[in-house]
Undergrad: 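Before we start, here is the structure in question, set down as structure tokens.
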Amino acid sequence: MSNYTALKTAIITAIQAANDLGSLEQVRVAELGKKGKLAEVMSSLGKMAPDERKAVGAELNVIKSEINEAFAARKAALEQEALAQKLAAEKIDITLSPRPENMGRVHPIPQVIDEVIAIFANQGFVVAEGPDVDTDWHNFTALNIPESHPARQMHDTFYLKALDDKGAPLLLRTHTSTVQSRVMLNQKPPLRVLAPGRTFRSDSDQTHTPMFHQIEGFVVDKTTHFGHLKGCLIDFVRAFFEMPDVPVRFRPSFFPFTEPSAEMDIGCSRKDGGLKIGAGDSWLEILGCGMIHPAVLKNCGIDPNEYQGFAFGMGVERLAMLKYGIPDLRSFFGGDTRWLNHYGFSAHDVPSVPTGLSR
Ligand code: DAH
């Protein structure tokens, strides 16, 4: 074995013995750097006779490239190892479930909205949304509530200073029915839409807050009739109140955007100041509904000779108060965490019809 081969073996052994990137770098400086052993040997070439230099030079070149290869391979292996160690150290154990007591509680409003969505999703409805700041046309005119219609006064509307492109003041939407006009203008029937959201009216007392929540639903198709409306809503209240036989009745009513219009009541009993849903000789109104007025379809670009539909609208706070026995409307907006701990829901329990709406 020539001296050069022995040197090669020594250097490669040192490279392989390096067990982290720092010691590998030390080996590089000591053996392969400008002042390293290999450089020393290379510089001795200059003193050799031409023939010897040629032979030794060729041998040294082979040795050098073998050493370089060994170095590169060791470096890659150590880098890989370092990366693996770093990843292992930074790993987040996502199998560890969060502690529910630290996750806060879901407010009854989003809870009830999620429950209602779960029920109607089962009937093939999809969720749509519209803006809180709306135009007079979408909120009123399109829904067959023309200017000077007395129903406009009933809505206690908040008007804004800003004007829409027709020159009418923008407003805070007074009902989620306005999503009807937006969806009908932008989508083609058949439609099965549920529109939950915030609504606003300039009204504030024990039973009214200036901001509250509604859920609008509507169906437009060629053969949709009042029987569909009844079936759909009866199924809904039974699922929502989790009572398969809750009594219901439809009472004639008036809304400008539906004809005929009705209000739906559920059976209840009122005894000793308490309200019990599900049986008894009393009735409780829970939503407004009706067949979509042909004028509304027409205003929104749908041919009323070809299509018809039904719509319904309900107040979320009212549903929540009835289902969960919450006595005071204003407490929804009080921001009291003790109230939320009492009436709130676990973030783990996502409402679904098959697994249960509320726990
Ligand atoms: N928009 C009505 C309100 O705010 C609720 C309503 C009643 C919606 C009847 C409807 C309906 O779609 O058919 O009081």
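Start at 1 and go down the list; that is how both ligands and their atoms are numbered. Just so we're clear, the structure is a prediction, and the values are computed from it rather than from any experiment. By convention here, the first residue in the shown sequence is residue 1.
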Undergrad: Considering only NZ, NE, NH1 and NH2 on the basic side and carboxylate oxygens on the acidic side, decide whether Lys166 and Asp164 come within less than 4.0 Å.
TA: no
Undergrad: Between Arg330 and Asp328, is there a side-chain N and carboxylate O pair less than 4.0 Å apart?
TA: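 Looking at Arg330 and Asp328, the cut-off is met.
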Undergrad: Any idea which residues sit under 4.0 Å from ligand 1, heavy-atom distances?
TA: His175, Ser177, Gln180, Arg201, Gln214, Glu216, Phe255, Phe257, Thr258, Gly288, Cys289, Gly290, Ala311, Phe312, Gly313
Undergrad: For Ser23, which residues count as a side-chain hydrogen bond (donor to acceptor under 3.5 Å, both in side chains) partner, sequence neighbours excluded?
TA: Asp20
Undergrad: Looking at Lys37 and Glu40, does any basic side-chain N land under 4.0 Å from a carboxylate oxygen?
TA: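 Answer for the salt bridge query: no.
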Undergrad: May I ask you to say whether Arg238 pairs ionically with Asp245, meaning some side-chain N is under 4.0 Å from a carboxylate O?
TA: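 Between Asp245 and Arg238 there is no salt bridge, as every charged N stays at least 4.0 Å from the carboxylate O atoms.
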Undergrad: Salt bridge between Glu242 and Lys323, side-chain N to carboxylate O under 4.0 Å?
TA: yes
